[in-house]
**Q** 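Submitted below is the structure of interest, expressed as structure tokens.
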Amino acid sequence: MSAENSATRAGTGTATPTDAHATAAVLPPLHCLRRLSAGPPRLGTLPTGTPVWLVTRHADVRQVLTDPRLGRAPLHAPDAPPLSVVPNLLDDPQSMLNIDGTEHQRLRRTVQRAFTPRAIARWRPWVASVVEGLLDELIDQGSPADIVAAYTRPLPVAVISRLMGLDGLDGKRLAHWSDHALSTTAYSATAIRAAIAEFSAFGAELIAERRAAPGDDLVSGLLAAAAESGDITEEQLVSLVIGLVVAGHETTMTTLGNALVYLLGDGREAWRRLASDEQSAATATEQLLRSVPLGDKDHLPGLLRRALEDVEVGGVVIPAGSVVAADADAANQDPEVFTGDLRTELFAPLGAPMFTFGAGPHHCLGAWLARMELELALHRLARRLPSLRPAAPADAIEWRRGLLTRSPHTLQVVW
């Protein structure tokens, strides 16, 4: 998953504060086996009242995400319509997420070397050791246990903390910042702005520390690349740092928790095969990423772009200046492209590219890191705890609510 998946969906809530960790008995379990509608582009409306073209078919979503006539920067132009009811961490017009073309490529080059498949492969033994250490603690703690608190949350936090040299970062403090940064209805605009200001101050302080004492970490690497290029602003550096902290753990945590809800429920028959070998787990990870939604469809219309000129998408002419939402979830289940579901295809290679990590210039930088964490986490968990099962029915799960992402707040398991 990517920072874009969080930020482009930020304008889809209301400003009414609620409890982000409310029990969600009124919400159904995961919709991972439900076919989402895919059809020609059609008009909808954002909660701000702004019209939005909803794009759902696989080929159309690919076009929206790769066509240079549909950009991120125009979403923040002076004449842009309102997208967000509440502020968001990544709605800064100068952030890497919200610029296009050569300027975007320049900023992206400062971080992408750390996230190539070859670079990520070097981290695999260490990530595996983190997984095994968390499993040792989980088993020592004994059954029953909350697997979110013991496993799905601390794993990605530990990985991004190590990558960025943030060992010792308070997990509760990070969760506070992330929940506010990704809020739709959970917090007021005032509370969100305060949390983002505090988070930005943390990022600025971290940058100052690494300038004074560089290390072998991603933040130090960013600073070295920025000094070499000479045209990256301090505000852009802060935005990069705190954006990577959130994107580096939030979506992996969410995907892993949601995948376990499915695998320990409807997908229980697959558990033994997940334990058999890492390749089976890697293939299943791709299908889970394609099929299990990251967020609540009521709040997530898609990855947003704005048309620079009239653009024909799927036989429909979208006028210049229009906001377009590319629905990756629907495209990932387009029946013209993907014929099976998780019950039949969990261990089958993907027949076409998925868009969970986006596509085109803003494709998620952390895609390979997320894949590696998920496949190791699922394989080692199934191997160590073959009898793992939920302690309560799915409709009793306590969900995180009022945020851009939707995942279990707690998930009690036994073995």
Side-chain angles (χ1 to χ4, degrees), residues 1-2 4-5 30-36 38 58-59 61-62 65 115-121 123-124 127-128 131 152 155-156 159 247-248 250-295 303 326-360 363-383 405 407:
M1 295 300 296
S2 73
E4 178 181 3
N5 285 355
L30 293 174
H31 298 297
C32 50
L33 301 182
R34 175 174 61 86
R35 281 286 175 187
L36 302 175
H58 191 273
V61 167
R62 174 184 284 278
L65 297 179
F115 293 101
T116 63
R118 178 178 294 181
I120 296 304
W123 284 82
R124 192 177 188 91
V127 174
V131 169
T152 70
L155 172 60
V159 171
E250 171 69 31
T251 51
T252 303
M253 176 190 75
T254 297
T255 303
L256 181 55
N258 287 346
L260 287 176
V261 172
Y262 168 70
L263 290 167
L264 299 180
D266 292 345
R268 193 68 185 83
E269 293 181 1
W271 198 243
R272 181 175 297 179
R273 185 166 175 182
L274 273 176
S276 63
D277 62 274
E278 289 188 3
Q279 184 53 54
S280 292
T283 303
T285 292
E286 294 297 299
Q287 291 287 1
L288 288 163
L289 282 166
R290 176 182 73 85
S291 302
V292 177
L294 177 68
L303 305 172
D327 188 340
D329 290 337
N332 283 346
Q333 299 185 52
D334 186 339
E336 297 297 318
V337 178
F338 301 104
T339 57
D341 59 29
L342 284 182
R343 291 192 179 96
T344 59
E345 302 291 323
L346 183 61
F347 296 103
L350 292 181
M354 63 172 172
F355 299 121
T356 303
F357 295 112
H363 180 267
C364 175
L365 277 169
W368 289 105
L369 178 62
R371 285 182 167 104
M372 186 252 286
E373 290 182 60
L374 290 165
E375 64 189 57
L376 283 172
L378 292 171
H379 169 62
R380 301 294 177 97
L381 178 63
R383 189 178 68 178
T405 55
S407 65

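Computed from heavy atoms alone, side chains included, the values below leave out hydrogens, waters and symmetry copies.
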**Q** Between Gly358 and Leu303, what is the shortest heavy-atom contact and its length?
**A**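 Smallest interatomic distance, heavy atoms only, reads CA-CD1, 4.1 Å.
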**Q** Can you tell me how far apart CG (Leu378) and CG (Leu260) are? Round to the nearest 0.5 Å.
**A**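 Nearest 0.5 Å value for the CG-CG distance: 6.0 Å.
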**Q** Under the side-chain hydrogen bond (donor to acceptor under 3.5 Å, both in side chains) rule, collect the residues that match up with Arg371, sequence neighbours excluded.
**A**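 Scan of Arg371 (side-chain hydrogen bond (donor to acceptor under 3.5 Å, both in side chains), adjacent residues dropped) gives Glu286.
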**Q** Nearest heavy-atom pair of Ala284 and Leu274: which atoms, and what distance?
**A**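 Closest heavy-atom pair between Ala284 and Leu274: CB-CD2, 3.8 Å.
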**Q** Could you report the tightest heavy-atom contact between Gly340 and Glu345, atom names first, then the distance?
**A**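 Smallest heavy-atom distance, with atoms named: CA-CG, 3.5 Å.
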**Q** Does Asn332 use its side chain to pair, donor to acceptor, with the backbone of Ser291 at less than 3.5 Å?
**A**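 Side chain of Asn332 to backbone of Ser291, a donor-acceptor pair under 3.5 Å: no, none is there.
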**Q** State, yes or no, whether a side-chain contact exists between Arg380 and Glu278 at a heavy-atom distance under 4.5 Å.
**A**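 The answer is yes; the side chains approach within 4.5 Å.
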**Q** Where the side chain of Gln287 meets the backbone of Ala348, is there a donor-acceptor pair that is under 3.5 Å apart?
**A**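 Yes.
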**Q** Just verifying a value: how many Å separate Met253 CE and Thr405 OG1, rounded to the nearest 0.5 Å?
**A**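 Going from the CE atom of Met253 to the OG1 atom of Thr405 covers 6.0 Å.
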**Q** For Trp368, what residues pass the ring-ring contact (aromatic ring centres under 6.0 Å, His included) criterion, not counting sequence neighbours?
**A**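 Applying ring-ring contact (aromatic ring centres under 6.0 Å, His included) to Trp368 gives none.
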**Q** To the nearest 0.5 Å, what is the distance between OG1 (Thr116) and CG (Leu369)?
**A**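 Taking OG1 in Thr116 and CG in Leu369, the distance rounds to 11.0 Å.
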**Q** Give a yes or no on whether the backbone of Ala331 and the side-chain of His58 come within a donor-acceptor separation of less than 3.5 Å.
**A**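 Checking the backbone N and O of Ala331 against the side chain of His58, no donor-acceptor pair under 3.5 Å is found.
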**Q** Heavy-atom distance under 4.5 Å between the side chains of Trp123 and Val159, does that happen here?
**A**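 They are not in contact (no side-chain heavy atoms under 4.5 Å apart), so the answer is no.
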**Q** Looking at every non-hydrogen atom in both residues, tell me the closest pair between Arg62 and Phe355 and how far apart they are.
**A**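 Heavy atoms of Arg62 and Phe355 come nearest at CB-CZ, 3.6 Å.
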**Q** With a 4.5 Å cut-off on side-chain heavy atoms, are Leu374 and Leu288 touching?
**A**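 They are not in contact (no side-chain heavy atoms under 4.5 Å apart), so the answer is no.
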**Q** Backbone N or O of Val292 within a donor-acceptor pair of the Asn258 side chain at under 3.5 Å?
**A**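 A pair under 3.5 Å: no.
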**Q** Rounded to the nearest 0.5 Å, what separates atom OG1 in Thr339 from atom CG in Asp334?
**A**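 If we round to the nearest 0.5 Å, Thr339:OG1 and Asp334:CG are 11.0 Å apart.
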**Q** If the condition is side-chain hydrogen bond (donor to acceptor under 3.5 Å, both in side chains), which residues does Thr254 pass it with, not counting sequence neighbours?
**A**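 For Thr254 the side-chain hydrogen bond (donor to acceptor under 3.5 Å, both in side chains) partners, ignoring immediate neighbours, are Glu250.
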**Q** Distance-only, no hydrogens or angles: does the Thr255 side chain make a donor-acceptor pair with backbone N or O of Thr252 under 3.5 Å?
**A**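 Absent.
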**Q** With sequence neighbours left out, write down each residue that passes side-chain hydrogen bond (donor to acceptor under 3.5 Å, both in side chains) with Ser407, or none if nothing qualifies.
**A**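 In terms of side-chain hydrogen bond (donor to acceptor under 3.5 Å, both in side chains), with neighbours along the sequence ignored, Ser407 is linked to Arg400.
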**Q** Going by salt bridge (charged side-chain N to carboxylate O under 4.0 Å, His left out), name the pairs with one or both residues in residues 349-360, residues two or more places apart or in two chains.
**A**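 Pairs touching residues 349-360 that pass the test: none.
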**Q** To check you understand the geometry: which heavy-atom pair defines the closest contact between Leu376 and Ala128, and what is its length?
**A**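 Heavy atoms only, the tightest pair is CD1-N, 3.9 Å.
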**Q** With a 4.5 Å cut-off on side-chain heavy atoms, are Asp266 and Arg343 touching?
**A**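 Touching, per the 4.5 Å side-chain cut-off.
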**Q** At what distance, to the nearest 0.5 angstrom, does CG of Leu155 lie from OG1 of Thr152?
**A**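 Between atom CG of Leu155 and atom OG1 of Thr152 there are 8.5 Å.
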**Q** Might you point out which heavy atoms bring His379 and Ser276 nearest each other, and give the distance in Å?
**A**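 Looking at all heavy atoms of both residues, the closest pair is CE1-C, 4.1 Å.
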**Q** Out of curiosity, Glu269 CD to Leu346 CG, how far, rounded to the nearest 0.5 Å?
**A**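 Glu269 CD to Leu346 CG: 11.0 Å, rounded to 0.5 Å.
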**Q** Applying side-chain hydrogen bond (donor to acceptor under 3.5 Å, both in side chains), name anything that partners Glu375, two or more places apart in sequence or on another chain.
**A**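 Per chain and number, Glu375 pairs via side-chain hydrogen bond (donor to acceptor under 3.5 Å, both in side chains) with Arg124.
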